[in-house]
**Student:** 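Okay, handing you the structure first.
Whatever order the structure lists ligands and atoms in, that order sets their numbers, starting from 1. Sequential numbering from 1 along the given sequence is applied to the chain's residues.
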Amino acid sequence: MKTLLLDNTDENIAKAAEILKNGGLVGLPTETVYGLAANALEGRAVAKIFAAKGRPADNPLIVHIADFSDIERFNLVREIPESVKLLAENFWPGPLTMIMKKSDVIPDEVSAGLDTVAIRFPSHPTAQKIIKESVLPLAAPSANLSGSPSPTTALHVMSDLSGRIDAVVDGGMSDVGLESTVITLAEKTPRVLRPGGITLEQLRSVLGNVELDNAVLHQLEKGAKVSSPGMKYKHYAPKANVILLKCSDSEYIDYVNEHANESTAALCCDEDIEILNVKCFSLGKRSDYSAQAHRLFDELRKIDEDENIKTVYSRLPSLDGVGMAVYNRLIRAAGFEVIDLGKM
Ligand code: TXA
Ligand code: MG
């Protein structure tokens, strides 16, 4: 199959919507990362997503809508909890996914056999137009091959999925750069399953009590029960070995320079570039967690393009604000390998 790479003109948006109505797959831009969309109401269309990505069948998908009223219009859930309405008023459209009890219209391919469904209303105008034009809720995981970093540009999608999907619509580089925050409201207490652009602090400011799932910051023990199947897979892993250093800024510089050779590199901040003696992949200013989120996956892909790099050193990110999302992705990219320099 030849994959069409389309600009986001109205004509191409209509073309993309037509492909989706006919059960095809379209890569589309969202403000978080690019998604790989199919008709969420059609199990056979959704099954193609799993085949194209090489995604494990037990990992459920997010359903994307273009208006809050779409939840009722398409009859996606059994009931809408008050907490969902409150969060939607504050954070939709935007990088927040909410899990609710699903209705019978959600195919098993979407929910992976769970009795819940994850729903998101993205803010990217092109995503909204494609959803509206197709008049469908769209199931869409990140548009990468399973296990590689999520795509933040149309070219990332092409490089992973060209020949495996019908089309990609180019809507520029994703703003947030990391996947949405996932929160479950299907249980007694709201719980964050994946941190993202909407922070724990923001969610607590609206709902009060919000828990943080254990899998967000810690490696799951073998056989442990997972609330969000996506958390159990090794994710975002570049070919090079990523090592996280828990240390002060000066210890980081000293450690990386002591280990400098042609096969080492640093995933670092702008302030480090001048003083490090290795190839630097900067995520932006040290205090700018949003910039770090925005650039993380793009830099991880650039590291992969350099065959010489075998080891990459990064600081353990801060847990404040969007920093927690960067921490969550990087610690998985590192396979939970952290060296605590304070303890050596
Ligand atoms: O920003 C995003 O969320 C992007 C864009 C395209 O919207 N999508 C995305 O999808 O990141 P994906 O499939 O890569 O990640 C979805 C995550 C997975 O960890 C999955 O296990 C979890 O959400 N998830 C989906 N439905 C769920 C459910 N019913 N219960 C628990 N976790 C669920
Ligand atoms: Mg993904």
**Student:** Is it true that Arg301 and Asp160 make a salt bridge, defined as a side-chain N closer than 4.0 Å to a carboxylate O?
**Tutor:** yes

**Student:** With a heavy-atom distance limit of 4.0 Å, tell me whether Arg120 approaches ligand 1 through its side chain, its backbone, both, or neither.
**Tutor:** side chain

**Student:** I need the atoms of ligand 1 closer than 4.0 Å to a non-hydrogen atom of Ile62, numbered in the order shown.
**Tutor:** 3 (O), 8 (N), 9 (C), 10 (O), 16 (C)

**Student:** Any atoms of ligand 1 less than 4.0 Å from a non-hydrogen atom of Ser142? List them with their elements.
**Tutor:** 8 (N), 9 (C), 10 (O), 12 (P), 14 (O)

**Student:** Can a salt bridge be assigned to the pair Lys85 and Glu82 using a cut-off of 4.0 Å between side-chain N and carboxylate O?
**Tutor:** yes

**Student:** Would you indicate whether the side-chain heavy atoms of Ser103 and Val77 approach each other to under 4.5 Å?
**Tutor:** no

**Student:** Is Asn144 close enough to the Mg ion (ligand 2) that one of its N, O or S atoms comes in under 2.8 Å?
**Tutor:** no

**Student:** With sequence neighbours excluded, what pairs up with Asp115 under the salt bridge (Lys or Arg N to Asp or Glu O under 4.0 Å) test?
**Tutor:** Lys101

**Student:** Could you tell me whether Arg286 and Asp270 make a salt bridge, using a distance below 4.0 angstrom between a side-chain N and a carboxylate O?
**Tutor:** no

**Student:** Should Glu179 be counted as touching ligand 1, given the test is an N or O pair under 3.5 Å?
**Tutor:** no

**Student:** Any nitrogen or oxygen of Tyr34, main chain or side chain, under 3.5 Å from a nitrogen or oxygen of ligand 1?
**Tutor:** no

**Student:** Examine the proximity of ligand 1 to Pro60 and report which part, side chain or backbone, both or neither, has a heavy atom under 4.0 Å away.
**Tutor:** both

**Student:** Do the side-chain N and O atoms of Asp7 and Thr9 include a donor-acceptor pair separated by under 3.5 angstrom?
**Tutor:** no

**Student:** To which of Pro95, Ser150, Ser180, Pro141 does the heavy atom nearest atom 10 (O) of ligand 1 belong?
**Tutor:** Pro141

**Student:** Check whether any side-chain heavy atom of Arg164 sits under 4.5 Å from a side-chain heavy atom of Met1, and report yes or no.
**Tutor:** no

**Student:** Only heavy atoms of Arg194, strictly under 4.0 Å: list the atoms of ligand 1 that pass.
**Tutor:** 2 (C), 3 (O), 9 (C), 11 (O), 15 (O), 16 (C), 17 (C)

**Student:** Can you name the atoms of ligand 1, numbered from 1 with element, that are less than 4.0 Å from a heavy atom of Leu114?
**Tutor:** 28 (C), 29 (N), 30 (N)

**Student:** Check whether any heavy atom of Ala140 sits under 4.0 Å from an atom of ligand 1.
**Tutor:** yes

**Student:** Below 3.5 angstrom, do we get any N/O pair linking Asn59 and ligand 1?
**Tutor:** yes

**Student:** Using a heavy-atom cut-off of under 4.0 Å, does the side chain or the backbone of Arg55 touch ligand 1, or both, or neither?
**Tutor:** side chain

**Student:** Pro122 versus Ile131: any side-chain heavy-atom pair under 4.5 Å?
**Tutor:** yes

**Student:** For ligand 1, which atoms have a heavy atom of Gly35 less than 4.0 angstrom away?
**Tutor:** 6 (C)

**Student:** Closer than 4.0 Å to some heavy atom of His64 - which atoms of ligand 1 meet that?
**Tutor:** 5 (C), 6 (C), 7 (O)

**Student:** Could you name the option among Ile99, Thr30, Ile49, Val63 that has the heavy atom nearest to atom 28 (C) of ligand 1?
**Tutor:** Ile99

**Student:** Using a 4.0 Å heavy-atom cut-off, which part of Thr116 comes near ligand 1: side chain, backbone, both, or neither?
**Tutor:** both

**Student:** Going by an N to O cut-off under 4.0 Å, is there a salt bridge joining Arg194 and Asp213?
**Tutor:** no

**Student:** Using the salt bridge (Lys or Arg N to Asp or Glu O under 4.0 Å) criterion, which residues pair with Glu109? Sequence neighbours excluded.
**Tutor:** none

**Student:** Using 4.0 Å as the upper bound for N to carboxylate O, is an ion pair formed by Lys239 and Glu307?
**Tutor:** no

